[in-house]
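Just so you know, ligand 1 is whichever comes first in the structure, and atom 1 is the first atom listed for that ligand. In what follows, residues are counted from 1 in the order of the sequence shown. Because only heavy atoms are used, hydrogens play no part in the values below, and waters and symmetry mates are left out as well, while side chains stay in.
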Amino acid sequence: MRIACLLGSPRPKSNSSTIARRFCEAAAPFGATTETFELNKLTYRGCQACMACKTKLDHCVLDDDLKTVLEAVRAADLVVLASPVYYGDVSAQLKGFIDRTYSYLVPDYITREDRSRLPRGKKVVMVLTQGNPDENLFGDIFPKYSSFLGWEGIEESHLIRGCGLQGEQSVNERPELLQQAELLARKLCRS
Ligand SMILES: Cc1cc2nc3c(=O)[nH]c(=O)nc-3n(C[C@H](O)[C@H](O)[C@H](O)COP(=O)(O)O)c2cc1C
């Protein structure tokens, strides 16, 4: 199994990255190989809405650091998308990637049932960490993005969510979250 792990936090030892990395570590004994991308270290632009991917190409026209990431996601069996919650959404670093996945959609995606250029069967694990301890806040982020991922042909998405994580590395005081990552890796990568 090939995993593409996208880290959306700018912090070097972030809560969301720690959970995502633990997931990938736990997947390794089952033969999974992981390619990890620290988005904050890459140079890329958001979608330019040039429509080249809908009119003359089957991929994004932009030739920047996100090109490799988009290719790795296309080739992966499982994609980990990790991000802190910033103002009730994913970080700008991850949102920049998500907007560029517009290039995975076929030109007539609005009217077609089969909207995606991606191979079927891909799974996504989303990791979201937030400072606020109230689970009722920002619970809309995962359903929103998993619905868009469905457009891209990803029918199976899972969430690992850490609430009340303010300081860098505060996840280390929450072993149950790291255990959740391990259990999910075992469940998804065992077969
Ligand atoms: C710019 C910014 C915006 C934030 N917005 C929110 C927010 O809307 N809700 C929340 O609960 N926490 C918010 N936080 C706190 C982070 O989500 C929280 O510390 C998270 O665990 C950081 O994850 P990381 O360590 O992976 O970067 C914000 C932090 C920053 C720096």
Side-chain angles (χ1 to χ4, degrees), residues 2-28 32-47 64-66 68-70 72-73 76 78-101 122-149 152 154 156-189:
R2 294 173 76 166
I3 300 178
C5 177
L6 279 56
L7 305 177
S9 174
R11 287 166 153 177
K13 289 179 182 167
S14 90
N15 296 305
S16 53
S17 307
T18 301
I19 296 170
R21 287 189 199 277
R22 181 64 67 92
F23 176 92
C24 299
E25 282 160 17
T33 53
T34 300
E35 210 175 341
T36 301
F37 300 94
E38 294 180 56
L39 296 176
N40 196 52
K41 291 188 176 165
L42 307 184
T43 303
Y44 55 92
R45 286 186 286 163
C47 174
D64 59 18
D65 290 352
L66 220 51
T68 323
V69 184
L70 286 162
V73 167
L78 190 150
V79 182
V80 180
L81 299 174
S83 177
V85 172
Y86 280 177
Y87 286 92
D89 213 311
V90 297
S91 68
Q93 288 85 341
L94 184 60
K95 184 62 162 62
F97 164 79
I98 289 170
D99 287 356
R100 292 276 294 277
T101 65
K122 224 179 273 300
K123 296 171 188 169
V124 162
V125 173
M126 200 160 192
V127 178
L128 293 170
T129 57
Q130 66 185 57
N132 199 302
D134 187 349
E135 286 184 13
N136 295 314
L137 292 176
F138 318 118
D140 59 324
I141 303 171
F142 175 68
K144 176 175 67 177
Y145 286 109
S146 77
S147 152
F148 287 124
L149 290 166
E152 288 166 2
I154 297 159
E156 187 178 332
S157 47
H158 301 264
L159 172 67
I160 304 171
R161 190 172 176 218
C163 301
L165 300 174
Q166 264 300 350
E168 201 171 9
Q169 291 190 293
S170 36
V171 70
N172 291 329
E173 287 141 42
R174 300 277 297 280
E176 78 281 4
L177 288 172
L178 299 172
Q179 199 185 10
Q180 195 187 337
E182 288 171 9
L183 288 173
L184 186 60
R186 249 174 261 159
K187 186 178 156 198
L188 299 182
C189 305

> Under 4.0 Å between a Lys/Arg side-chain N and an Asp/Glu carboxylate O for Glu152 and Arg100?
Replying inline: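 No salt bridge links Glu152 with Arg100.
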
>> Using a 4.0 Å cut-off on heavy atoms, what residues surround ligand 1? Order them by chain and number.
In response: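 Ligand 1 is contacted, at a heavy-atom distance under 4.0 Å, by Ser9, Arg11, Ser14, Asn15, Ser16, Pro84, Val85, Tyr86, Tyr87, Gly88, Thr129, Gln130, Gly131, Asn132, Phe138, Leu165, Gln166.
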
> Under the salt bridge (Lys or Arg N to Asp or Glu O under 4.0 Å) rule, what pairs show up with a residue in residues 166-175, not counting sequence neighbours?
Replying inline: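 Sorted pair list: Arg174-Glu176.
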
>> Filter on side chain to side chain donor-acceptor pair (under 3.5 Å), then keep only pairs touching residues 130-139, sequence neighbours left out; what's left?
In response: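 Matches after skipping sequence neighbours: Gln130-Arg161, Asp134-Asn136.
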
>> Glu35 vs Arg2, test: salt bridge (Lys or Arg N to Asp or Glu O under 4.0 Å). Steps then yes/no.
In response: CA-CA 8 Å; Glu35 210 175 341; Arg2 294 173 76 166; 5.0 Å; no

Solution key, residues 140-148 side-chain donor-acceptor pairs under 3.5 Å, sequence neighbours excluded:
from, atom 1, to, atom 2, distance (Å)
Lys144, NZ, Asp89, OD2, 2.9
Tyr145, OH, Asp89, OD1, 2.7
Ser146, OG, Phe142, O, 3.4

>> Could you go through Leu7 and Ser16, starting from their C-alpha distance and side-chain angles, then the distance that decides it, and tell me whether this counts as side-chain contact (heavy atoms from CB on, under 4.5 Å)?
In response: CA-CA 8 Å; Leu7 305 177; Ser16 53; over 6 Å; no

